[in-house]
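Every chain is numbered from 1, with letters handed out A, B, ... down the list of sequences. Just so we're clear, the structure is a prediction, and the values are computed from it rather than from any experiment.
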Amino acid sequence: MNEIVRVRFAPSNTGHLHVGGARTALFNWFFARHHGGTAILRVEDTDRERSTEAYYDAILEAFDWLGLEWDEGPYRQTERMDIYTEAAKKLLASGDAYRCTCTPDDVEEMRKKARAEGKSPKYDGTCRGRYDKDPDRPFCLRLLTPDEGETVVADLLTGEVSFPNEQLDDMVIVRTDGTPTYNFCVAVDDADMKITHVIRGNDHLSNTPKQLLVYKALGEPPPRFAHISMILGTDKKRLSKRHGATSVLEYRRAGFLPEALINYLVRLGWSLGDQEVFTRDEIIENFSIENLNRSAAVFNPEKLLWLNQEYIKTGDAGRLLALLEDRLHERGLDTALLSREARLALVEELRTRAQTIEEMADGARIFFTPEVEYDEKAVAKFLKPGIAAPLIKVRDALAGVEPFAAQGVKTAFEEVLEAEGLKMGKLAQPVRVAVTGGTVSPGIYETLCLLGKDRSLSRLDAALGKIGD
RNA sequence: GGCCCCAUCGUCUAGCGGUUAGGACACAGGCCUCUCAAGCCUGGAACGCGGGUUCAAGUCCCGCUGGGGUCACCA
């Protein structure tokens with residue numbers, strides 16, 4: 001590619017950054033990085049009713065978390081009104097746009113009528129050529145659109161798609177209140193920003209001919225387009241809230257790692273042979289529009305979970321610990337109860353047992369509580385009177401272990417097992433319930449060592465007390 | 001409904017005229033084992049249908065069916 005690639009991602013701040021939007025942003029960003037081009041963020045905030053500053057901030061925060069840096073922007077359309085006004089004036093002067101004094105109600109009537117006659121509902125062109133007939137009446141600006149012929153979109157993914165102009169309206173480009181409309185702003189902005197490739201969702205394909213007409217009227221060369229497939233829910237319906245978490249920030253909250261989300265989203269619709277796990281650099285190196293799939297993809301939370309654990313299993317322990325500690329602190333737990341060395345060791349134990357950082361926090365909990373909280377069902381099943389004697393022996397053997405490390409703990413267990421003629425399975429589980437309160441934890445030696453001698457012994461004593469009851 | 005897009009295991013996908021149709025998630029069974037995981041092994045599971053083109057079609061063409069998108073003075 002000879003030209004310098006310039007792409008943009010253009011969300012509207014009427015909601016959180018959706019995973020579908022994030023995926024589109026990712027494709028744009030990786031495309032730019034692959035070609036050494038420029039990635040631009042442009043927020044389309046012209047909907048005064050629904051846009052909010054809170055969503056604007058949340059979108060930036062989501063990108064910040066994902067680690068996507070934009071080379072230009074964020075631009076905001078509300079700060080670029082002069083540019084649209086200028087472009088509109090130009091089109092009015094050239095005759096490509098005209099004043100329309102029909103009211104929305106009038107237009108609604110036309111559409112109804114056309115529909116009744118079995119024709120496609122559209123504005124009937126009443127005000128075409130009526131320049132300034134009624135200067136006092138409020139007006140909007142419409143784009144003069146050919147009635148015949150066709151407008152073809154040369155799409156990098158889909159190929160040439162042609163739309164009969166007869167299907168197209170003389171669309172409003174400036175509202176009666178003077179504000180420019182979406183399809184107009186997009187084309188003006190993309191032209192003004194010298195965008196070379198527009199990579200966006202398939203739902204915009206039918207907007208493209210309208211925008212192409214604006215380019216033509218403006219006398220600007222259009223960019224190239226690539227309309228990517230959309231993300232669907234399990235029921236094959238467009239992914240929405242009722243399918244579960246849809247915003248990027250929700251995934252952060254749920255304990256996902258940004259690189260896992262990125263990997264999953266990029267792999268959804270893009271592939272490189274049989275490879276499933278990619279580093280950011282590998283994606284940058286290999287990304288291409290040609291390898292994008294044209295069909296819609298169903299969002300599969302389970303595969304995302306699997307990928308997240310893949311990253312948890314191989315991630316830097318210090319980083320994972322920091323993430324884990326934030327969550328433990330949120331739960332009001334004191335992480336200083338364990339040395340940093342022990343906390344790091346805990347991460348090693350938990351990384352193969354958790355699919356999210358949140359799950360890791362669940363597993364870590366018992367190591368940071370001052371007292372054991374017993375699961376009564378587990379107690380009833382494993383802490384029966386008959387186990388009291390072996391448990392006391394374990395307690396006493398453990399009391400003599402110094403240093404309190406895996407090897408010594410193991411030896412202590414083996415002695416008790418031998419003396420009592422017990423199998424490991426008969427002893428480990430009661431001990432586990434005694435010191436953790438439940439039936440699930442890392443290996444029993446590791447669990448005891450992590451807990452430390454003092455808490456292990458006191459918890460064993462507490463459990464023995466329960467058997468006594 | 002008009003216009004437009006799409007179509008390989010349940011899901012994500014590889015395949016770019018000749019393959020025992022491959023991988024991944026999930027699922028099932030097994031191994032390992034102090035619980036839960038992780039790991040390892042094994043298994044079931046797909047070319048939507050009908051016509052063409054061709055010596056040969058999952059791959060190319062047409063139709064059907066199915067799914068999705070879009071038809072605003074929202075973005």
**Request:** Could you say whether A/Leu292 or A/Leu304 is positioned toward the 5' end of RNA chain B, judged by the nucleotide with the nearest heavy atom to each?
**Result:** A/Leu292

**Prompt:** Of A/Leu232 and A/Cys140, whose nearest nucleotide on RNA chain B comes first from the 5' end?
**Reply:**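 Looking at the nearest nucleotide for each, A/Leu232 comes out on the 5' side.
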
Spacing of the [atom1] atoms in [M] and [N] (rounded, Å):
N     : M     : atom1 : answer
B/G30 : B/C55 : C1'   : 47 Å
B/C61 : B/U54 : C1'   : 12 Å
B/U19 : B/U59 : C1'   : 12 Å
B/A24 : B/A46 : C1'   : 15 Å
B/C71 : B/C64 : P     : 25 Å
B/A38 : B/G29 : P     : 15 Å
B/A57 : B/G52 : P     : 12 Å
B/G58 : B/G17 : P     : 13 Å

**Prompt:** When all nucleic acid strands are considered with a 4.0 Å heavy-atom cut-off, which category describes A/Thr46: base, sugar-phosphate, or nothing?
**Reply:**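 The answer is sugar-phosphate, as A/Thr46 gets under 4.0 Å only of primed atoms, P, OP1 or OP2.
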
**Request:** Pick base, sugar-phosphate or nothing for A/Lys237, based on heavy-atom distances below 4.0 Å to the nucleic acid.
**Result:** sugar-phosphate

Residue matched to [N] through Watson-Crick or wobble contacts both under 3.5 angstrom:
N     : value
B/A7  : B/U65
B/G58 : none
B/C36 : none
B/G17 : none
B/C27 : B/G43

Using atom [atom1] of [X] as one end and atom [atom2] of [N] as the other, report the distance to the nearest whole Å.
X        : N     : atom1 : atom2 : value
A/Leu391 : B/C34 : CG    : P     : 18 Å
A/Asn308 : B/C25 : CG    : C1'   : 14 Å
A/Ile231 : B/C6  : CD1   : P     : 18 Å
A/Glu150 : B/C3  : CD    : P     : 13 Å
A/Leu239 : B/G69 : CG    : P     : 11 Å
A/Arg238 : B/C5  : CZ    : C1'   : 13 Å
A/Asp170 : B/A72 : CG    : P     : 13 Å
A/Leu157 : B/C4  : CG    : P     : 19 Å

When you check the phosphate oxygens OP1 and OP2 of [N], does a side-chain N or O of [X] lie under 4.0 Å from one of them?
X        : N     : result
A/Arg200 : B/G69 : no
A/Thr181 : B/C73 : no
A/Arg294 : B/G69 : no

**Prompt:** In residues 184-191 of chain A, what residues come within less than 4.0 Å of RNA chain B, judged by heavy atoms?
**Reply:** none

**Prompt:** Picking from B/C73, B/A75, B/C3, which would you name as closest to the side chain of A/Arg50?
**Reply:**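 Closest of the options to the side chain of A/Arg50: B/A75.
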
**Item:** salt bridge (charged side-chain N to carboxylate O under 4.0 Å, His left out) contacts touching residues 197-216 of chain A (sequence neighbours left out)
**Value:** A/Asp203-A/Arg238

**Asked** Pairs in or reaching into residues 286-307 of chain A: which pass salt bridge (charged side-chain N to carboxylate O under 4.0 Å, His left out), with residues at least two apart or in two chains?
**Response**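 The answer is A/Glu276-A/Lys303.
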
**Message:** Once hydrogens and angles are ignored, does a donor-acceptor distance under 3.5 Å link the base of B/C73 to the side chain of A/Thr176?
**Reply:** yes

**Request:** Check if the side chain of A/Asn202 and the base of B/G69 share a donor-acceptor pair of N or O atoms closer than 3.5 Å.
**Result:** no

Set out, line by line, the N/O atom pairs under 3.5 Å between protein and nucleotides 28-33 of chain B.
none

**Fill in**
Expected string for nucleotides 8-13 of chain B under the B/S/- scheme (protein heavy atoms, under 4.0 Å, primed atoms plus P, OP1, OP2 as sugar-phosphate) is ---BBS

**Asked** What is the per-nucleotide protein-contact pattern of nucleotides 35-42 of chain B, from the 5' end, where B denotes a base atom under 4.0 Å from a protein heavy atom, S denotes such proximity for sugar-phosphate atoms only, and - denotes neither?
**Response** BBBSS---

**Prompt:** Has the side chain of A/Glu282 got a donor or acceptor atom that lies under 3.5 Å from a matching backbone atom of A/Thr279?
**Reply:**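 Here the side-chain-to-backbone pair exists.
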
**Prompt:** Taking the side chain from A/Asn165 and the backbone from A/Glu148, do they hold a donor-acceptor pair closer than 3.5 Å?
**Reply:**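 Checking the backbone N and O of A/Glu148 against the side chain of A/Asn165, a donor-acceptor pair under 3.5 Å is found.
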
With a cut-off of 3.5 Å and sequence neighbours excluded, list every side-chain donor-acceptor pair involving residues 414-425 of chain A.
residue: A/Glu414; atom: OE2; partner: A/Lys410; partner atom: NZ; Å: 3.1
residue: A/Glu420; atom: OE2; partner: A/Lys393; partner atom: NZ; Å: 2.8

**Message:** List the residues meeting salt bridge (Lys or Arg N to Asp or Glu O under 4.0 Å) with A/Asp106, not counting sequence neighbours, and say none if there are none.
**Reply:** none

**Qualifying residues under salt bridge (Lys or Arg N to Asp or Glu O under 4.0 Å), relative to A/Asp45, sequence neighbours excluded** = A/Arg76

**Qualifying residue for side-chain hydrogen bond (donor to acceptor under 3.5 Å, both in side chains) with A/Tyr84, from A/Thr179, A/Thr46, A/Asp189, A/Thr181** = A/Asp189

Decide, yes or no, whether a salt bridge links [X] with [Y] under the criterion of side-chain N to carboxylate O below 4.0 Å.
X        : Y        : value
A/Glu349 : A/Arg353 : yes
A/Lys122 : A/Asp170 : no
A/Arg327 : A/Glu358 : yes
A/Arg42  : A/Glu44  : yes

**Request:** Establish, yes or no, whether the cationic atom of A/Arg80 lies under 6.0 Å from the six-membered ring centre of A/Tyr75 and within 45° of the ring axis.
**Result:** yes

**Prompt:** Where does the angle between the aromatic ring planes of A/Phe63 and A/Phe9 fall among parallel (under 30°), tilted (30 to 60°) and perpendicular (over 60°)?
**Reply:**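 Ring orientation, 0 to 90° scale: perpendicular.
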
**Request:** Kindly write out the residues that satisfy ring pair (Phe, Tyr, Trp, His ring centres under 6.0 Å) with A/Phe163, not counting sequence neighbours, or none if the list is empty.
**Result:**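 By the ring pair (Phe, Tyr, Trp, His ring centres under 6.0 Å) rule, A/Phe163 matches no residue at all.
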
**Message:** The criterion is side-chain contact (heavy atoms from CB on, under 4.5 Å); which residues satisfy it with A/Glu373, sequence neighbours excluded?
**Reply:** A/Arg365, A/Thr369

**Item:** Residue pairs involving residues 425-437 of chain A (criterion side chain to side chain donor-acceptor pair (under 3.5 Å); sequence neighbours excluded)
**Value:**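 Qualifying pairs: A/Gln429-A/Arg432, A/Arg432-A/Ser441.
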
